[in-house]
Amino acid sequence: MCRQSATVCLIKPPVRQHGTETGLAERLRGLADPRRRRGRRHPFVSVVLIAASAVLAGARSYAAVGQWAASAPQHTLARLGARAVAALGVRMAPSKATIRRVLTLACPGGLAELTGADPAGADTVAVDGKSARGSRNAEMPAAHLLAAMTGDGQTVTQLRVPDKTNEITCFAALLEPYDLTGVTVTADALHTQRDHARFLVEEKKAHYLLVVKANQPELHRRLRSLPWKDVTARRYDREIGHGRRETRATRALTVTDLGLDFPHAAQAVRILRHRTDLKSGKCTRQTIYAITDLCSHQASPQRLGQLARSQWTIENRLHFVRDTTFGEDASKIHTGHGPENMATLRNLAINTLREHGHRNIAAGLRHVSYDPFNRPLDFLNIP
């Protein structure tokens, strides 16, 4: 069953075994074709591969994807499995309308699961949400997408948060299909929920580090009242970058016997950040509290500070990139599953470029665009 609707979207689950992972085209065959049987002319997998290749070449809209497909030479369409017509076997590219129809109807949960990275064995997985602001119209709010990303910048999956609710209701559904044994899941204060902690530790055999703010007032008050001045487990980090100088003081305290009333809580963390703007000289100070099930021999203050910073990975390496490089907030795609499926194709492009050594995604897109009908297919391992 689909994680976002009561329909069957996966004909078969994706095969994810280390060293033997199937190719993208083979995985996509596990996704059900949502179109009616009458009038189908273009193979479903071929249309999705064409869209994925076009986005990797820099396309930002249905029109751009359709233009890329219409300009693709015969050998490219043949590699993508496009429809062959007439006795000569001429390959026909799908129209913009066909591409739009497929991406509007395709199951977003299944597509995200089949095209995302496998988090098994990862050090950390960060969970955070983002709104595609351009998808807002007069009838409905903007699509809000909850995503998960590994510490090395590979997007695992994403789900669209239903209207009139929030990210909390989608947290378990987002991570349910994956093996998270031994993985530390980080999330912002919205997800500091007792049910989430139980789900991660008891069901997924994972660890957590969750930020605590005023949305948990009693827990936040008790963390603030802990004897932080007497803590000897400390770590100081200093760095200069992005026009500022920053100092972070991380302190960790074992809270197993302090009755914090939070499932599996083992340590509390306080991070005091001092930032100085190198141009204006303005200084700011921020105190962050977090809680984790990792005990002191599993996570030192240095390790806890690294885990807290790993939560920023998804904001800096996914949401920011989709906004600035792919112009996601300016996209007016809003019908059906279009917003989330286009976001999934952007995630796939980002993952693919990072797998091929491109740290700067904008530079990677330019590199691919210089040979737009071969490099996207080569990068996606389409034979």
Side-chain angles (χ1 to χ4, degrees), residues 52 55-61 64 108 112 115-117 119 122-136 142-161 167 170 174 185-191 209 211 239-246 248 271 273 275 277-279 284 286 288 305-333 339-369:
V55 171
L56 185 53
R60 296 186 177 187
S61 63
T115 58
D123 182 33
T124 62
V125 168
V127 175
D128 196 16
K130 174 192 178 298
S131 291
R133 299 180 182 180
S135 63
R136 180 187 297 110
H144 191 79
L145 308 174
L146 182 65
M149 172 176 268
T150 62
D152 59 355
Q154 290 289 308
T155 304
V156 176
T157 187
Q158 73 177 13
L159 286 179
R160 181 170 179 170
V161 177
E167 297 177 13
C170 296
L174 181 78
V185 177
T186 64
D188 58 21
L190 180 64
H191 296 289
L209 185 137
V211 176
E239 64 180 27
I240 297 177
H242 304 285
R244 64 176 180 246
R245 180 172 60 249
E246 180 172 319
R248 295 183 301 276
I271 302 175
R273 295 199 307 219
R275 289 179 177 176
D277 189 289
L278 297 180
K279 185 176 182 179
T284 59
Q286 182 182 23
I288 298 173
Q306 293 170 347
L307 290 174
R309 286 177 63 81
S310 71
Q311 174 60 25
W312 306 339
T313 299
I314 192 169
E315 177 65 32
N316 296 333
R317 305 191 70 185
L318 180 65
H319 298 160
F320 180 78
V321 171
R322 290 204 327 231
D323 279 344
T324 58
T325 304
F326 290 93
E328 183 169 273
D329 280 351
S331 174
K332 298 301 181 182
I333 295 173
E340 53 264 49
N341 282 336
M342 282 298 290
T344 292
L345 295 181
R346 296 177 190 118
N347 294 343
L348 174 62
I350 293 170
N351 284 0
T352 303
L353 290 172
R354 289 205 173 111
E355 286 174 357
H356 286 81
H358 291 280
R359 298 182 61 185
N360 185 308
I361 301 303
L365 287 178
R366 289 194 297 271
H367 173 76
V368 174
S369 71

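Computed from heavy atoms alone, side chains included, the values below leave out hydrogens, waters and symmetry copies.
Between Asp329 and Lys130, at least one side-chain N (NZ, or NE/NH1/NH2) sits under 4.0 Å from a carboxylate O, which counts as a salt bridge. Salt bridge present: Arg248 and Glu239 bring a charged side-chain N and a carboxylate O closer than 4.0 Å.
Of all heavy-atom pairs spanning Glu167 and His191, the tightest one is OE1-NE2, 2.9 Å. Contact between Phe326 and Arg346 at its shortest, heavy atoms only, is CB-CD, 3.7 Å. When all heavy atoms of Leu209 and Ala308 are compared, the closest pair comes out as CD2-CA, 4.2 Å. The minimum heavy-atom distance linking Ser135 with Ala142 is given by the pair OG-CA, 3.5 Å. Across all non-hydrogen atoms, the minimal contact from Thr325 to Ala362 is CG2-CA, 3.9 Å. Closest approach of Cys170 to Leu159, counting heavy atoms only: O-CD1, 4.3 Å.
When atom types are taken as modelled, the side chain of Gln154 and the backbone of Ile350 share no donor-acceptor pair closer than 3.5 angstrom. Not a single donor-acceptor pair under 3.5 Å links the side chain of Glu340 to the backbone N or O of Ala143. The backbone N or O of Pro108 lies less than 3.5 Å from no partner atom in the side chain of Arg160, so there is not a single donor-acceptor pair.
Rounding to the nearest 0.5 Å gives a distance of 8.5 Å between CZ of Arg244 and OG1 of Thr284. From His358, atom NE2 reaches atom OG1 of Thr352 across 10.5 Å, with rounding to the nearest 0.5 Å. A distance of 4.0 Å separates CE of Met149 from CG of Leu318, quoted to the nearest 0.5 Å. Taken to the nearest 0.5 Å, the CD1 atom of Ile361 stands 12.5 Å off from the CZ atom of Arg322. The CZ atom of Arg366 sits 6.5 Å away from the CG atom of Asn360 when rounded to the nearest 0.5 Å. Atom CG of residue Asp152 and atom CZ of residue Arg317 lie 7.5 Å apart, to the nearest 0.5 angstrom.
Within 6.0 Å of CZ on Arg245 lie no more than 12 heavy atoms contributed by other residues, nucleotides or ligands. More than 12 heavy atoms of other residues, nucleotides or ligands lie within 6.0 Å of CZ in Arg354, so this atom counts as buried by the packing criterion.
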Begin from the C-alpha positions of Thr124 and Thr313 and carry the test side-chain contact (heavy atoms from CB on, under 4.5 Å) through to its verdict.
CA-CA 10 Å; Thr124 62; Thr313 299; over 6 Å; no
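Contact of the Leu348 side chain with the Val55 side chain is not registered, since no non-hydrogen atoms from C-beta on lie closer than 4.5 Å. Using a 4.5 Å heavy-atom cutoff, the side chains of Asn347 and Thr115 are not in contact. Counting only heavy atoms from C-beta outward, the side chains of Ile314 and Val127 never approach each other to under 4.5 Å. When side chains are defined from C-beta on, Val368 does not count as touching His356, because their heavy atoms never get closer than 4.5 Å.
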